[in-house]
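Below is one structure, written out as structure tokens; the observations come after it.
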Amino acid sequence: MEAGLLSPFGYHFNMRPTVLHHLLLCSLCLAFYCLCHADEFLKSGSHEWKKLIMVHHWPTTVCKEIENECTHPPDYWTIHGLWPDKAEDCNGSWPFNLTEIEDLLPVMRKFWPDLIHPNRSRFWKHEWDKHGTCAAQLDSLNSEKKYFGTSLDLYKELDLNSMLQKLGIKPSLNYYQISDIKDALAGIYGVIPKIQCLPPKQDEKVQMLGQIELCLTKELELRNCTEPGELHLPRQEASGAGVAAFSSMLSVCEDGPAFYPPPDETKR
Ligand SMILES: *[C@@H]1O[C@H](CO)[C@@H](O)[C@H](O)[C@H]1NC(C)=O
Ligand SMILES: *[C@@H]1O[C@H](CO)[C@@H](O)[C@H](O)[C@H]1NC(C)=O
Ligand SMILES: *[C@@H]1O[C@H](CO)[C@@H](O)[C@H](O)[C@H]1NC(C)=O
Ligand SMILES: *[C@@H]1O[C@H](CO)[C@@H](O)[C@H](O)[C@H]1NC(C)=O
């Protein structure tokens, strides 16, 4: 399309008035085209979003990647967050208040732990500020209590840990094929998940399983994580420290083998 728009500019010589006229029209089209796209950028800045992403991460991989004092990573998948796609930091005047979720804290510590600073609430504040304030556009998520409470409920309902167990997908020194994991999960949930890995480093042979994302509609029903034809654009999750920074090191897993590291592997 762009090539088509730009090709008339190849005719530098012998410009007759009609050609000039065409050029002018084309420039107008181009300007209009750009305006439309600028509009799309503005829209994404206005915090519109379409789906929610329930992000589970594998603590052993998080702890392997991030230099820290993760001493005993849980041996189950924990929550990273519930993220609206395409919207972040939607309401700077809605500060995180730990007291609001006081009665959820025991469950939060177990299933939504800050793996790096188990004793602090900074990770939850980050998730609230960046993602929760956007999710709060939905009535079902429009308070801190609802956002964290509903996320925990979804985590329990989706029950990724039991599903993986049932499928026989367990941490192992043998590698898994990413397509096998993906197909197995799609078979159980009826939707296509998104699986993210840490790419191999120089001294490693394979990518390492890091996050499993299941996507939901605004009605909190499961849906495919990608739509047909949708591009796998890398998500900008680079900001943030600690566990949040982990995300920026991940990318969608390549087809092929992946390492699903057993918890005690970190102790090597
Ligand atoms: C931001 O949060 C505050 C506090 O909850 C609320 O009063 C206000 O309406 C919110 N603003 C938007 C744009 O949602
Ligand atoms: C935090 O939430 C608690 C419980 O809802 C409330 O009593 C308290 O005033 C809130 N603190 C702030 C700073 O808003
Ligand atoms: C931090 O951990 C210590 C020891 O486990 C505990 O006594 C303390 O209450 C914790 N602090 C918070 C804020 O959870
Ligand atoms: C989800 O993806 C699968 C495989 O690409 C496709 O067959 C199915 O129609 C999709 N479902 C929806 C609701 O788009």
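In each ligand, atom 1 is the first atom listed, and ligand 1 is the first ligand listed.
Counting only N and O atoms by type, the side chains of Trp112 and Glu127 include no donor and acceptor under 3.5 Å apart.
Under a 4.0 Å criterion applied to the non-hydrogen atoms of Ser93, ligand 1 contributes the atoms 2 (O), 3 (C), 4 (C). Of all atoms in ligand 2, numbered sequentially from 1 with element shown, those under 4.0 Å from a heavy atom of Asn97 are 1 (C), 2 (O), 3 (C), 8 (C), 10 (C), 11 (N), 12 (C), 14 (O).
Side chains of Phe148 and Ile79 form no contact here, defined as non-hydrogen atoms less than 4.5 Å apart.
A continuous path of Ile, Leu, Val, Met, Phe, Trp and Tyr side chains, each step under 4.5 Å between heavy atoms, connects Leu185 with Leu154, placing both in one hydrophobic cluster.
In this structure Lys170 satisfies the side-chain contact (heavy atoms from CB on, under 4.5 Å) test together with Gln165, Tyr176, sequence neighbours excluded.
The local environment of CD in Glu204 is crowded, with over 12 non-hydrogen atoms from other residues, nucleotides or ligands closer than 6.0 Å.
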Working note: Glu213 + Lys51, criterion salt bridge (charged side-chain N to carboxylate O under 4.0 Å, His left out); need CA distance, chi angles, decisive distance, verdict. CA-CA 12 Å; Glu213 302 184 348; Lys51 61 178 178 247; over 6 Å; no
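In terms of modelled atom types and a separation under 3.5 Å, the side chain of Lys145 and the main chain of Leu104 share no donor-acceptor contact.
For ligand 4, the protein residues within 4.0 angstrom (heavy atoms only) are Ile192, Asn224.
For Thr99, no nitrogen or oxygen atom sits less than 3.5 Å from a nitrogen or oxygen atom of ligand 2, counting backbone and side chain alike.
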